[in-house]
Amino acid sequence: MNMKRVLLFLVACFLMSGQVTAMEEIDFTVGKIDPNPIGHDVPRGPIEIPTVFIENYTLFFTSGHAEYAMSIKDEYGCVVYTNIVGSNETTIILPSMLSGTYELCLYAGGYCFSGEIEL
(Lines give C-alpha, C1' and ligand atoms only; values in the text may rest on other atoms or scores of the structure.)
Protein backbone atom coordinates (compact mmCIF):
# COMPACT_ATOMS: atom_id res chain seq x y z
CA MET A 1 0.00 0.00 0.00
CA ASN A 2 2.81 2.42 0.88
CA MET A 3 4.60 1.72 -2.43
CA LYS A 4 1.41 2.58 -4.34
CA ARG A 5 1.27 6.00 -2.66
CA VAL A 6 4.89 6.70 -3.55
CA LEU A 7 4.30 5.66 -7.16
CA LEU A 8 1.13 7.76 -7.34
CA PHE A 9 3.01 10.75 -5.92
CA LEU A 10 5.82 10.37 -8.49
CA VAL A 11 3.35 10.10 -11.37
CA ALA A 12 1.49 13.21 -10.15
CA CYS A 13 4.77 15.15 -9.92
CA PHE A 14 5.72 14.05 -13.43
CA LEU A 15 2.38 15.14 -14.88
CA MET A 16 2.48 18.50 -13.12
CA SER A 17 6.06 19.22 -14.18
CA GLY A 18 4.91 20.06 -17.71
CA GLN A 19 2.84 22.95 -16.40
CA VAL A 20 5.70 24.72 -14.64
CA THR A 21 7.91 27.17 -16.52
CA ALA A 22 11.53 27.29 -15.44
CA MET A 23 13.50 30.42 -14.77
CA GLU A 24 16.33 30.99 -17.21
CA GLU A 25 19.56 32.76 -16.26
CA ILE A 26 20.54 35.62 -18.55
CA ASP A 27 24.06 35.33 -19.97
CA PHE A 28 25.65 38.80 -19.83
CA THR A 29 28.60 40.23 -21.73
CA VAL A 30 30.52 43.18 -20.24
CA GLY A 31 31.51 46.38 -22.00
CA LYS A 32 33.16 49.57 -20.72
CA ILE A 33 31.01 52.62 -21.46
CA ASP A 34 33.00 55.29 -19.64
CA PRO A 35 36.64 55.11 -20.72
CA ASN A 36 38.85 57.15 -18.42
CA PRO A 37 41.48 59.08 -20.41
CA ILE A 38 43.38 59.79 -17.18
CA GLY A 39 45.02 56.92 -15.34
CA HIS A 40 44.53 53.25 -15.97
CA ASP A 41 41.55 51.68 -17.64
CA VAL A 42 41.79 48.66 -15.33
CA PRO A 43 39.25 48.45 -12.48
CA ARG A 44 40.63 48.41 -8.94
CA GLY A 45 38.63 45.32 -8.09
CA PRO A 46 36.89 42.54 -9.94
CA ILE A 47 33.82 43.42 -11.97
CA GLU A 48 30.77 41.72 -10.52
CA ILE A 49 28.56 40.52 -13.36
CA PRO A 50 24.91 40.61 -12.31
CA THR A 51 23.01 37.37 -11.77
CA VAL A 52 19.56 37.82 -13.27
CA PHE A 53 16.92 35.24 -14.12
CA ILE A 54 13.87 35.68 -16.35
CA GLU A 55 10.54 33.89 -16.25
CA ASN A 56 7.82 35.12 -18.61
CA TYR A 57 7.86 38.93 -18.12
CA THR A 58 9.54 38.99 -14.72
CA LEU A 59 13.23 39.62 -14.06
CA PHE A 60 14.64 38.21 -10.81
CA PHE A 61 17.75 39.87 -9.35
CA THR A 62 19.88 38.39 -6.59
CA SER A 63 19.79 40.33 -3.34
CA GLY A 64 22.62 42.72 -2.61
CA HIS A 65 23.18 43.78 -6.22
CA ALA A 66 24.28 47.23 -7.38
CA GLU A 67 21.79 49.86 -8.55
CA TYR A 68 21.36 49.65 -12.33
CA ALA A 69 19.99 51.85 -15.06
CA MET A 70 18.17 49.37 -17.28
CA SER A 71 17.19 49.57 -20.93
CA ILE A 72 15.66 47.11 -23.35
CA LYS A 73 16.56 47.43 -27.02
CA ASP A 74 14.76 45.89 -29.98
CA GLU A 75 16.42 44.16 -32.96
CA TYR A 76 17.23 47.56 -34.51
CA GLY A 77 18.98 48.86 -31.38
CA CYS A 78 16.11 51.21 -30.50
CA VAL A 79 15.38 51.58 -26.80
CA VAL A 80 11.81 50.40 -26.15
CA TYR A 81 11.85 50.41 -22.32
CA THR A 82 13.90 51.98 -19.53
CA ASN A 83 13.83 51.69 -15.76
CA ILE A 84 16.01 52.11 -12.68
CA VAL A 85 16.62 48.93 -10.70
CA GLY A 86 17.24 49.91 -7.09
CA SER A 87 19.78 47.94 -5.08
CA ASN A 88 17.02 46.60 -2.83
CA GLU A 89 14.73 45.42 -5.67
CA THR A 90 14.71 41.71 -6.47
CA THR A 91 11.95 41.59 -9.11
CA ILE A 92 11.05 43.79 -12.06
CA ILE A 93 7.96 43.11 -14.16
CA LEU A 94 8.41 44.04 -17.81
CA PRO A 95 5.56 45.39 -19.97
CA SER A 96 3.51 42.60 -21.52
CA MET A 97 3.23 44.58 -24.78
CA LEU A 98 6.81 43.53 -25.58
CA SER A 99 7.09 40.38 -27.66
CA GLY A 100 10.11 38.88 -29.38
CA THR A 101 13.87 38.93 -28.89
CA TYR A 102 15.43 41.91 -27.11
CA GLU A 103 18.74 43.03 -25.65
CA LEU A 104 18.62 43.72 -21.91
CA CYS A 105 21.24 46.29 -20.87
CA LEU A 106 22.17 47.05 -17.26
CA TYR A 107 24.43 50.06 -16.65
CA ALA A 108 26.49 50.55 -13.47
CA GLY A 109 29.90 51.93 -12.59
CA GLY A 110 30.91 52.78 -16.15
CA TYR A 111 30.07 49.31 -17.43
CA CYS A 112 27.27 47.90 -19.55
CA PHE A 113 26.10 44.35 -18.96
CA SER A 114 24.10 43.14 -21.94
CA GLY A 115 22.26 39.92 -22.58
CA GLU A 116 19.60 38.57 -24.91
CA ILE A 117 16.10 37.91 -23.61
CA GLU A 118 13.05 36.34 -25.25
CA LEU A 119 9.62 37.71 -24.34
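Start at 1 with the first residue, then count along the sequence. On a predicted model such as this, the values are computed, not experimentally measured, just so you know.
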Side-chain H-bond candidate by donor/acceptor type, T58 with T91, under 3.5 Å: no

Between E67 and S87, a side-chain donor and acceptor under 3.5 Å: no

K73 side chain near C78 side chain, heavy-atom distance below 4.5 Å: no

T51 vs T62, side chain to side chain donor-acceptor pair (under 3.5 Å): CA-CA, chis, key distance, verdict: CA-CA 6 Å; T51 302; T62 56; 4.8 Å; no

Atom pair OG/CG of S71 and L104 - distance to nearest 0.5 Å: 7.5 Å

I26 CD1 to F61 CZ distance, which is reported to the nearest 0.5 Å: 7.5 Å

Heavy-atom closest contact (L98 atom, Y81 atom, distance): CD1-CB, 4.5 Å

Verify same cluster id: M70, V79 (apolar side-chain graph, 4.5 Å): no

Side-chain touch V52/L106, heavy atoms, less than 4.5 angstrom: yes

For the student: nearest non-hydrogen atoms of Y68 and A108, plus distance: CD2-CB, 3.6 Å

Heavy-atom closest contact (Y107 atom, C112 atom, distance): CE2-SG, 3.5 Å

Pairwise distance OG1(T82) to CD1(I72) - rounded to 0.5 angstrom: 9.5 Å

Short side-chain to backbone donor-acceptor contact, H65 and E89, under 3.5 Å: yes

Between CD on residue E24 and CZ on residue F60, distance to nearest 0.5 Å: 13.0 Å

CG-CD1 distance between L59 and I93, expressed to the nearest 0.5 angstrom: 10.0 Å

E25, CD atom: more than 12 neighbouring heavy atoms under 6.0 Å: yes

For F113 against I49, the heavy-atom pair lying closest together: CE2-CA, 4.0 Å

Separation of D74 CG from S99 OG (nearest 0.5 Å): 12.5 Å

Y57 side chain vs I54 backbone, donor-acceptor pair below 3.5 Å: no

